[in-house]
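Please read the structure below before turning to the comments.
These numbers were taken from a predicted model, which means no experiment stands behind them.
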Amino acid sequence: MPTPTSGTPLPTKLNRLFRLYSMRTNTPNANRRPSRFLDMEMSRPNLELVETARDRITIVADFPHLSPALLFDYWTSTDLLKKWWPPAAELQPELGGAYHFSWPKPDWHLRGKFTIFDRGKTLGFTWKWDHESIDVTRVTLLFHSMPNGGTKLTLLHEGYAKNSEAKKTRDEHIEGWTFFLRKLQEQGQEP
C-alpha cells in the first residue's frame, strides 16, 4: 500500500477508489518483485502528508521528471488525466469550466468547476461526489519548480465540515489522494 515517506500515518480505512484500483495489485503474488527492483522502490519520489486537520488535507509530492506546465497538463488534459485517475473524463480546461469524472462500473461521478486556472502555477477546483452527502469541498494545487527542472506539487483539499461523517470522508480522501498521486508519479517516470 502506498504511504507517505514521512509525516502522519495514514488511516487504515481504505478509500473506495483506492480499494477498487488496488484490488488488482493486492493479491498474494502481485507485489512479488525480484530483489533487484527493491532499490527502485526505495528511491521513489517524495510523497508526504504534511498536514491533516478536521477540515483540510495538505500533501506535498515531488515530480522530478515533469515540468510545472507538463504536470499541470496531467490534471487538465483528458488524455493525460485518464492515464492516472478516472477512466472517463469530460472537462472544459479554463477558469469557470466544468469537469465530470466517472467510474462506470461502480457508477461513481465526481463533478466540479475550475476556480483557479494558471497553467504551471496554480489550479483550483470544487469537488463533489454524486454519491456522498457531504458538502462541496475545494482542491488547490500549487506547482513549484525544482532546481532539476521537476516540480514540487502541493495539494490542499479543504472545506470539510467538522463532524464525524466529514472526518470519515476526509480520511478516505487521504487514502485516495496518496494512491492516485503515486500513480501520477509513476506516469511521470515513464519516457
Looking only at heavy atoms, the pair that brings T151 and S67 closest together is OG1-C, 3.0 Å
CZ of R54 to OG of S164, rounded to nearest 0.5 Å, is 7.5 Å
When F125, F72, Y99 are each screened for ring-ring contact (aromatic ring centres under 6.0 Å, His included) with F117, the one that passes is F72
Contacts of H144 meeting ring-ring contact (aromatic ring centres under 6.0 Å, His included) (sequence neighbours excluded), chain-then-number -> none
Sorted by chain and residue number, the ring-ring contact (aromatic ring centres under 6.0 Å, His included) partners of F63 (sequence neighbours excluded) come out as none
Distance col, row K83:NZ vs T78:OG1, nearest 0.5 angstrom, shows 12.5 Å
Applying salt bridge (Lys or Arg N to Asp or Glu O under 4.0 Å) to K152 and not counting sequence neighbours gives D62
When T154, T122, T115 are each screened for side chain to side chain contact (heavy atoms under 4.5 Å, CB included) with T140, the one that passes is T122
For D118, the salt bridge (Lys or Arg N to Asp or Glu O under 4.0 Å) test, sequence neighbours excluded, returns none
Kindly indicate, with the supporting measurements, whether the criterion side chain to side chain contact (heavy atoms under 4.5 Å, CB included) is fulfilled by L81 and F101.
CA-CA 10 Å; L81 191 62; F101 302 157; 3.3 Å; yes
Problem set entry | Any donor-acceptor N/O pair, T126 side chain to K113 backbone, under 3.5 Å | yes
Output for pair (R111 CZ, W129 CH2), nearest 0.5 Å, gives 11.0 Å
Contacts satisfying salt bridge (charged side-chain N to carboxylate O under 4.0 Å, His left out) that involve residues 84-104 (not counting sequence neighbours) are none
Residues S102 and P104: closest non-hydrogen pair is O-CD, 3.6 Å
Say whether M146 and I59 are linked into one hydrophobic cluster, either directly or through other cluster members, by side-chain heavy-atom distances under 4.5 angstrom.
no
- request: Group every Ile, Leu, Val, Met, Phe, Trp and Tyr by side-chain heavy-atom contacts under 4.5 Å, then state whether L95 and L123 land in the same group.
  value: yes
Sequence neighbours excluded, the answer for side chain to side chain contact (heavy atoms under 4.5 Å, CB included) partners of R56 is E51, A53, L156, E158
query = Taking the side chain from W84 and the backbone from Y74, do they hold a donor-acceptor pair closer than 3.5 Å?
reply = yes
Group every Ile, Leu, Val, Met, Phe, Trp and Tyr by side-chain heavy-atom contacts under 4.5 Å, then state whether L142 and F114 land in the same group. no
Electrostatic pair D73-R119, nearest N-O below 4.0 angstrom: yes
Inspect the contact between D171 and K167 and indicate whether a charged nitrogen and a carboxylate oxygen are less than 4.0 angstrom apart.
-> yes
d(N163 CG, D55 CG) to nearest 0.5 Å is 11.5 Å
task: For residues L153 and L181, determine if any side-chain heavy atom of one lies less than 4.5 Å from a side-chain heavy atom of the other.
output: yes
In this structure, CD of E186 is separated from CZ of R182 (nearest 0.5 Å) by 8.0 Å
Checklist entry - Side chains of Q185 and L47: does their closest heavy-atom pair fall under 4.5 Å? => result yes
When rounded to the nearest 0.5 Å, the distance separating CG of L70 from CG of L80 is 7.0 Å
Report yes or no: do L155 and L91 belong to one cluster of Ile/Leu/Val/Met/Phe/Trp/Tyr joined by side chain heavy-atom distances under 4.5 Å? yes
_Within one Ile-Leu-Val-Met-Phe-Trp-Tyr cluster: L71 and I116, side-chain cutoff 4.5 Å_ = no
Checking E165, H173, R170 against Y160 for side-chain hydrogen bond (donor to acceptor under 3.5 Å, both in side chains), the one that qualifies is H173
Smallest heavy-atom separation, P68 atom then G149 atom, equals CD-O, 4.5 Å
**Asked** Are any of the side-chain nitrogens in K128 or E132 under 4.0 Å away from the carboxylate oxygens of its partner?
**Response** no
Tell me, with the steps shown, if W85 and L184 meet side chain to side chain contact (heavy atoms under 4.5 Å, CB included). CA-CA 8 Å; W85 196 9; L184 180 53; over 6 Å; no
